[in-house]
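Report on the following structure.
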Amino acid sequence: REGHISKLTSDKEKLENYTKKALHNVQEKYMLAIKTRTEQLKEKDEQIAQMKNTAKLKNQQDRREGQLMSSAVYELGMEIIERRLVTALDQRGGTATTSDTW
């Protein structure tokens with residue numbers, strides 16, 4: 001009977017040790033998975049922030065380019081109007097210069 005109790009106690013200890021090791025391994029894998037996912041989330045957040053910043057800069061650049069184009073078209077239009085006015089005045093016999101038109 002005492003041998004049977006010793007064997008059961010030994011089996012119990014073996015089972016407890018096996019369970020502890022298995023639990024420890026699962027915890028390590030779980031913690032590693034959490035750490036990996038946390039790092040991946042951080043990287044994704046950094047990428048998102050960088051992409052937002054890039055998009056913001058691109059929008060600013062596009063707006064500036066649009067303003068430059070509008071300004072250039074406006075200046076071109078004013079130049080055309082001024083030339084037509086000078087040409088019309090010259091054809092009528094006027095002697096206006098470009099500085100006189102403004």
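- A donor-acceptor contact under 3.5 angstrom links the side chains of Glu65 and Gln61, judged on distance only.
- Taking the side chain as every heavy atom from C-beta outward, Lys35 and Met31 never approach each other to under 4.5 Å.
- In this structure, CG on Leu32 lies 10.0 Å from CZ on Arg37, to the nearest 0.5 angstrom.
- Here the OG1 atom belonging to Thr9 is positioned 9.5 Å from the CD atom belonging to Glu2, to the nearest 0.5 angstrom.
- Across Thr87, Ile81, Ile80, a single residue satisfies side-chain contact (heavy atoms from CB on, under 4.5 Å) together with Arg84, and that is Ile80.
- No side-chain heavy atom of Ser71 sits less than 4.5 Å from a side-chain heavy atom of Gln67.
- We find the CG-NZ distance between Asn17 and Lys21 to be 6.5 Å, quoted to the nearest 0.5 Å.
- Atom CZ of residue Arg64 and atom CG of residue Asn59 lie 10.5 Å apart, to the nearest 0.5 angstrom.
- A salt bridge links Glu79 to Arg83: at least one charged side-chain nitrogen sits closer than 4.0 Å to a carboxylate oxygen.
- The distance from atom CD of Gln47 to atom NZ of Lys42, rounded to the nearest 0.5 Å, is 13.0 Å.
- Using a 4.5 Å heavy-atom cutoff, the side chains of Lys7 and Asp11 are in contact.
- Other residues, nucleotides and ligands contribute more than 12 heavy atoms inside 6.0 Å of the CD atom of Gln40.
- Here CG of Leu85 is found 10.0 Å from CE of Met78. Values are rounded to the nearest 0.5 Å.
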